[in-house]
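The analysis underlying the following values was restricted to heavy atoms, covering all of them including side chains, and did not include hydrogens, waters or symmetry mates.
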Amino acid sequence: MASLLSRSLPRALPRNPRIYTHSLRPFNTVRMATTRIATIDSTLRDRLPMQAHTLFEAKAAKNMTFEDIAKQLGRNEVAVAAIFYGQAQIIPEDVEKLSKILGIDHGQLTKELAGYPFRGQVMDMPPREPLIYRLYEIVQNYGYAYKAVLNEKFGDGIMSAISFSTKVEKETDKDGNNWAVITLRGKWLPFSRF
């Protein structure tokens with residue numbers, strides 16, 4: 001049994017640390033010796049804005065994570081990823097820094113990032129990508145519970161997704177299990193009485 005198992009396992013990492021994988025997920029990963037880098041998936045190419053291609057190619061060439069870029073840009077890593085997907089607005093100072101961080105011509109990047117984001121254009125509803133579907137499933141299962149508790153705490157209203165911030169953290173428990181912690185922070189907007 002042990003010999004059968006050992007024959008099916010790779011003996012060592014390849015000399016070239018980059019192995020491009022292809023899947024039906026909204027991003028591919030470039031496998032690195034120590035880290036994985038999110039790159040653009042060919043199944044989304046036609047749906048993404050022009051800057052996505054430029055940004056993801058430069059990110060892969062520089063072997064940078066969204067966290068690496070966010071630290072240098074002075075932004076949240078989720079906000080940076082949203083910029084890459086064309087889902088978030090970017091200011092001129094960010095364009096200047098991003099062009100330096102990723103080695104992209106400033107004029108080209110300014111042109112590609114001009115205009116306003118078209119949020120929500122990329123995603124299928126319901127989502128088909130498993131991780132995104134799981135987030136959707138959380139809202140399906142707990143949406144009314146969230147609503148009831150929020151209404152009790154704040155009254156009749158909604159949580160803003162515009163006056164909003166979010167972050168993703170990794171937590172490891174005493175048994176070595178990894179936990180994803182996603183924080184959603186939105187301004188409470190009471191419904192108007194008219």
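For the pair Ile40/Leu48, a side-chain contact is recorded, criterion being any heavy-atom separation below 4.5 Å from C-beta on. Contact annotation: the side chain of Gln51 never approaches that of Ile83 to less than 4.5 Å [non-hydrogen atoms, C-beta and beyond].
Formation of a donor-acceptor pair under 3.5 Å by the Ser192 side chain with backbone atoms of Phe194 is not found in this model. Using modelled atom types, one side-chain atom of Thr166 and one backbone atom of Thr183 make a donor-acceptor pair closer than 3.5 Å. With hydrogens and angles ignored, the 3.5 Å screen pairs no side-chain donor or acceptor of Asp175 with any backbone N or O of Asn177. Remark: the backbone N or O of Asn178 is not paired with any side-chain donor or acceptor of Asp173 at under 3.5 angstrom.
Contact check on Glu96 versus Lys100 returns a salt bridge, with a Lys/Arg side-chain nitrogen under 4.0 Å from an Asp/Glu carboxylate oxygen.
Within 6.0 Å of CD1 on Ile91 lie more than 12 heavy atoms contributed by other residues, nucleotides or ligands. Counting heavy atoms of neighbouring residues, nucleotides and ligands inside a 6.0 Å radius, atom CG of Asp46 does not exceed 12 of them. Enclosure of atom CZ in Phe164 by more than 12 non-hydrogen atoms of other residues, nucleotides or ligands within 6.0 angstrom is indicated.
Under the 6.0 Å distance and 45° angle rule, Lys59 counts as a cation-pi partner of Phe66.
Listed by chain and residue number, nothing satisfies the salt bridge (Lys or Arg N to Asp or Glu O under 4.0 Å) test with Arg119 (two or more places apart in sequence, or in another chain). Residues that satisfy the ring-ring contact (aromatic ring centres under 6.0 Å, His included) test with Tyr136, not counting sequence neighbours, are Tyr133.
Between Val168 and Val78, the shortest heavy-atom distance links the atoms CG2-CG2, 3.8 Å.
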